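Scroll down for the structure; my scribbles are underneath it.
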Number of protein chains: 2
Amino acid sequence: MNKNIIKKLQAIVGEKYLATAKEDLMCYSYDGTGMEFMPAAVAFPGSAAEICSIMELANQELFPVIPRGAGTGMTGGALPIEGGLVLATSRLNKILEIDTENQVAVVEPGVITGQFQAAVKREGLYYPPDPASRDFCTMGGNVAECSGGPSAVKYGVTRDYVLGLEVILPDGRLMHTGVRTAKGVVGYDFTRLFIGSEGTLGVVSKIIVRLLALPTHTRTFLVLTESLQQATLLVSDILKSGILPNTLEYMDSTALSVVNDFLPLEVPQRTRALLLIEVDGAEKSTAEQGEKLLTLLADRQRYPEILEVRQAGNDREVEDIWRARRSISPATFKLRPHKISEDVVVPRSKIHQLVDFTEKLSQELGIVILTFGHAGDGNIHVNIMVDKDNPVEDEKGQEAKRRLFDHVITLSGTLSGEHGIGITKAPFLSLELDGTSMEFMEKIKMLFDPNNILNPGKIFSTTRT
Amino acid sequence: MNKNIIKKLQAIVGEKYLATAKEDLMCYSYDGTGMEFMPAAVAFPGSAAEICSIMELANQELFPVIPRGAGTGMTGGALPIEGGLVLATSRLNKILEIDTENQVAVVEPGVITGQFQAAVKREGLYYPPDPASRDFCTMGGNVAECSGGPSAVKYGVTRDYVLGLEVILPDGRLMHTGVRTAKGVVGYDFTRLFIGSEGTLGVVSKIIVRLLALPTHTRTFLVLTESLQQATLLVSDILKSGILPNTLEYMDSTALSVVNDFLPLEVPQRTRALLLIEVDGAEKSTAEQGEKLLTLLADRQRYPEILEVRQAGNDREVEDIWRARRSISPATFKLRPHKISEDVVVPRSKIHQLVDFTEKLSQELGIVILTFGHAGDGNIHVNIMVDKDNPVEDEKGQEAKRRLFDHVITLSGTLSGEHGIGITKAPFLSLELDGTSMEFMEKIKMLFDPNNILNPGKIFSTTRT
């Protein structure tokens with residue numbers, strides 16, 4: 001990026017809001033994947049108008065622009081793999097409106113998801129999407145990746161809450177999509193075309209979301225089982241019974257072992273799976289669901305391999321349980337220095353087949369693989385633990401990933417439930433999508449971004465990483 | 001359409017499944033709008049492969065193809081406005097799979113929505129979208145228009161239940177979109193790009209939907225109010241209170257008058273609005289919501305203009321109430337021979353402003369306008385009743401429609417909540433969408449259908465009808 005471009009960028013955002021010093025750039029060179037690519041500069045625009053000017057300039061001078069929220073993404077969506085300008089949304093961090101009458105809010109992309117949830121909670125409202133990184137990740141990043149989280153089993157994902165967007169297109173034009181009402185079917189669904197497009201079609205500058213009334217009560221349960229099959233059966237049976245938990249999470253024994261200390265119960269040696277189940281709603285409804293769940297779990301003829309059922313007795317226990325759940329991902333580094341973190345999805349009746357497969361794979365390759373995640377959705381996080389500095393182990397990790405993806409497809413599953421494709425899954429896209437789909441996705445990218453300046457190399461990259 | 005093309009079409013679908021006689025064509029010349037356009041032929045393909053061949057032929061010979069479900073659409077989406085071939089999906093009417101373990105089903109597009117709901121109900125499952133025409137309309141038509149219905153306030157619309165599609169593109173290629181799992185974010189969201197695209201981008205040949213466990217209980221309430229403002233306030237207050245009804249419908253006094261006979265209560269002369277409220281779920285949860293609602297409605301200091309609150313006492317009363325609700329649209333023809341039926345949406349706190357406006361408009365123009373519909377979503381059906389054979393009245397109706405749309409936009413609303421654009425709203429698209437959106441929508445249409453053979457003239461038509 002030459003000095004002339006740098007000057008023009010400074011003129012757009014102000015000198016203060018353009019970083020070019022190496023120590024500053026380093027902070028924007030990595031993301032949740034642990035990979036690093038240095039950008040040439042980082043801009044911190046303070047308005048949609050500034051983003052428009054940046055995109056216009058990028059189109060004249062043909063440099064890549066990489067939109068970035070908090071950099072918590074797991075597939076490299078925010079990495080400047082071809083250098084260029086990182087466009088950080090951290091200054092666009094205002095909650096513009098919370099309309100309590102209509103249960104709608106308008107936010108800028110740099111608003112931290114957890115802070116937004118807290119703000120609407122103060123108004124008696126609820127924004128459900130809750131990625132594990134919610135204390136750091138941004139609403140804009142969530143839109144780009146269509147983030148989910150444990151609550152998705154009941155409440156759905158980011159896609160289900162976004163009503164409309166303000167987007168700046170690669171050519172610098174500003175466009176509005178969607179509505180600010182509960183319904184709307186006017187023209188093609190551009191809102192959802194942009195959601196999950198991983199910053200390859202436009203830069204989101206405003207997000208309109210719908211909100212729900214805040215549930216007033218929750219009950220939290222832990223179930224330990226001696227077999228995976230039993231855990232899978234329970235997941236299906238719970239959802240068939242009419243209980244719709246706001247959390248139906250699973251951990252395998254390896255995941256359990258890394259967060260064991262947090263849990264308010266003894267985990268017997270022979271435990272193969274833990275289910276974390278939470279129901280929420282109004283007082284009596286929550287009690288009713290809790291009782292229904294306990295009745296179901298008490299049927300030990302159908303579930304002979306349940307080892308223990310424990311209802312959290314107080315807020316402290318609930319907090320401990322959730323701390324355990326949210327700590328799994330960081331705690332895995334106790335096992336090995338690096339990880340390949342996948343978020344595949346299978347029909348929930350096939351979870352045990354998936355986990356059987358990963359256990360065999362782990363044994364066969366002699367590497368650590370742990371599984372945990374959103375059992376209610378069939379969205380299982382597979383963490384393949386390796387030391388990347390050991391070339392043999394690194395290659396084993398890559399082989400495990402390839403074989404995992406192949407197997408997921410044979411189980412009628414999908415490669416990603418909530419992390420997106422980015423660069424880490426891009427080489428595998430054709431395992432899942434047919435050639436016609438891929439062709440039209442690339443054509444749509446070309447339509448919006450003919451010079452390929454916006455987040456180039458994402459989704460469609462052909463380089464295996 | 002020349003004889004050569006007819007012969008080729010007969011070769012594809014079989015002679016028996018190609019209609020060309022005038023009396024047959026007439027049955028496929030109209031839809032819910034009451035408008036009529038004669039097609040040159042109607043094909044009844046029996047497989048996706050036959051649809052592929054039809055589209056290939058249409059691309060060689062350049063004749064229009066108009067996909068058609070049951071023709072219940074309200075904006076002309078299934079009308080052959082440029083002649084050509086109507087592609088009727090009535091033979092593609094199989095429910096291919098109901099997977100109770102994973103709460104997923106796969107259907108062909110010609111399956112009747114109500115019959116599908118009944119089939120999954122027998123398995124203890126629930127498919128919520130419930131357009132008033134559900135006993136006739138098809139799943140394919142619902143996907144094309146992104147249909148809603150009264151249950152949308154709690155359960156959402158068609159978009160929220162479709163996981164994946166099999167689609168035949170205008171060039172005859174078959175493409176798969178989406179997943180058959182609860183989550184999936186692999187590439188751009190083509191599933192939702194096709195949902196609501198009104199048959200302009202592809203012909204849907206298979207639909208994968210998610211299902212819920214069937215709610216076991218419901219309670220149904222009627223509330224009469226003396227003012228519109230009171231009804232609007234109630235709608236907001238109910239949703240803010242944490243009650244999430246599966247129905248929160250509204251009727252104005254004119255709508256009431258046409259279905260009065262069905263209702264199990266006396267409607268006082270001074271009634272301005274009726275609310276139909278239903279809550280559903282498990283036993284205690286439903287009871288809890290019902291009690292909460294009655295407590296809220298009992299606050300006559302906040303709601304001095306409530307005239308009556310009535311809980312349906314038995315199944316017969318519930319049936320009567322629903323018959324009344326579903327009969328409004330056909331019963332309006334008691335008032336005038338034709339109607340302009342609009343399904344605008346406004347933020348729900350502004351419903352009374354919208355209805356105030358339509359009442360003034362009605363007086364000013366001296367025509368009948370009634371309003372009813374999905375108050376919980378702010379999705380109000382505005383029926384402008386006219387005699388189209390009277391040119392003065394017809395023009396007044398068109399003026400009312402234009403002024404309604406202008407006003408809806410000033411209220412931050414949208415032109416369509418569930419009927420789509422078709423031809424009747426196409427001339428008004430630019431009231432709502434910015435120029436950049438419109439440009440890219442047209443570009444996407446061109447990308448998928450460069451010869452403009454699939455449902456031409458829909459959404460983007462510039463002829464005011």
Side-chain angles (χ1 to χ4, degrees), chain A residues 100-103 145-146 148 152 157 160 173 175-177 179-190 192-193 195-197 213 216 236 239-240 242 281-282 284-285 288 345-349 377-379 412-418 420-421 429 432-434 436-437 441 443-444 447 459, chain B residues 100-103 145-146 148 152 157 160 173 175-177 179-190 192-193 195-197 213 216 236 239-240 242 281-282 284-285 288 345-349 377-379 412-418 420-421 429 432-434 436-437 441 443-444 447 459:
Chain A
T100 56
E101 288 304 304
N102 294 297
Q103 300 181 325
E145 303 296 329
C146 191
V157 296
D160 301 305
R173 282 192 287 174
M175 183 171 97
H176 293 95
T177 77
V179 288
R180 58 170 292 153
T181 49
K183 278 176 173 173
V185 288
V186 171
Y188 300 144
D189 190 347
F190 276 4
R192 284 154 200 93
L193 183 63
I195 296 172
S197 68
T216 50
S236 286
L239 291 164
K240 277 160 74 179
K284 285 180 195 161
S285 157
E288 183 178 30
V345 194
V346 295
R348 55 186 175 243
S349 64
D377 304 318
N379 185 191
S412 309
T414 179
L415 301 186
S416 179
E418 52 190 22
I421 298 302
L429 206 58
E432 180 165 342
L433 299 183
D434 60 36
T436 310
S437 284
M441 285 185 192
K443 281 181 176 170
I444 283 182
L447 193 66
I459 303 179
Chain B
T100 56
E101 288 304 305
N102 294 298
Q103 301 182 324
E145 303 297 329
C146 190
V157 297
D160 302 305
R173 283 190 286 174
M175 184 171 97
H176 292 95
T177 76
V179 290
R180 58 170 292 154
T181 48
K183 277 176 175 175
V185 288
V186 170
Y188 299 144
D189 189 346
F190 276 5
R192 283 154 200 95
L193 182 63
I195 296 172
S197 68
T216 50
S236 287
L239 291 163
K240 276 160 73 179
K284 286 179 197 162
S285 156
E288 181 179 32
V345 193
V346 294
R348 56 187 173 241
S349 64
D377 305 319
N379 185 192
S412 310
T414 178
L415 301 186
S416 179
E418 51 192 21
I421 299 301
L429 207 57
E432 181 165 342
L433 300 184
D434 59 37
T436 310
S437 284
M441 285 186 191
K443 281 182 175 168
I444 282 182
L447 192 67
I459 303 180

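The structure presented is a predicted model; accordingly, all values stated were derived computationally and were not measured. Residue numbers begin at 1 in each chain, while the letters A, B, ... track the order of the sequences.
Across all their heavy atoms, M175(B) and S437(A) have their closest contact at CG-OG, 3.4 Å. In plain terms, the two heavy atoms of R180(B) and S412(A) that are nearest each other are CG-O, 3.9 Å.
Contact tally against chain B (heavy-atom pairs below 4.5 Å) for I195(A), V185(A), V345(A): the top residue is V185(A). Highest contact tally toward chain B, considering only G413(A), P347(A), A213(A), is held by P347(A) [criterion: heavy-atom pairs under 4.5 Å]. Across G378(A), A182(A), G420(A), S416(A), the residue that shares the most heavy-atom pairs under 4.5 angstrom with chain B is S416(A). Contact count against chain B (heavy-atom pairs under 4.5 Å) is highest for G184(A) among A152(A), G281(A), G184(A). Of the listed residues (V186(B), V346(B), L447(B)), the one with the most heavy-atom contacts under 4.5 Å to chain A is V186(B). Among T100(A), L239(A), L429(A), the residue making the largest number of heavy-atom pairs under 4.5 Å with chain B is L239(A). Per-residue heavy-atom pair counts under 4.5 Å with chain B were compared for I421(A), D434(A), D189(A), and the maximum is reached by D434(A). By number of non-hydrogen pairs under 4.5 angstrom with chain A, the leading residue of G148(B), G242(B), S236(B) is S236(B).
I444(B) touches chain A through backbone and side chain together, each having a heavy atom under 4.5 Å away. For N379(A), the part lying near chain B is the side chain, with the backbone staying farther off; criterion is any non-hydrogen pair under 4.5 Å. Residue L415(A) touches chain B through both its backbone and its side chain, counting heavy-atom pairs closer than 4.5 Å. Using a 4.5 Å cut-off between heavy atoms, V157(B) touches chain A through its side chain atoms alone. Both the backbone and the side chain of D377(B) come within contact range of chain A, with heavy atoms under 4.5 Å apart. In this structure, the portion of L433(B) lying under 4.5 Å from any heavy atom of chain A is its side chain and not its backbone. Interface remark: F190(B) contributes side-chain atoms only to the contact with chain A (heavy atom separation under 4.5 Å). Within the 4.5 angstrom heavy-atom criterion, only side-chain atoms of E432(A), from C-beta onward, approach chain B.
A distance of 11.0 Å separates CD in Q103(A) from OG in S349(B), rounded to the nearest 0.5 Å. The distance from atom CD of E145(A) to atom OG of S197(A), rounded to the nearest 0.5 Å, is 9.0 Å.
Scanning for salt bridge (Lys or Arg N to Asp or Glu O under 4.0 Å) contacts around R348(B) gives an empty result, with sequence neighbours left out. Qualifying salt bridge (Lys or Arg N to Asp or Glu O under 4.0 Å) partners for E418(A), counting only residues two or more places apart in sequence or in other chains: K183(B).
A donor-acceptor pair under 3.5 Å is formed between the side chain of E288(A) and the backbone N or O of K284(B). No side-chain donor-acceptor contact under 3.5 Å links D160(A) to the backbone of D160(B).
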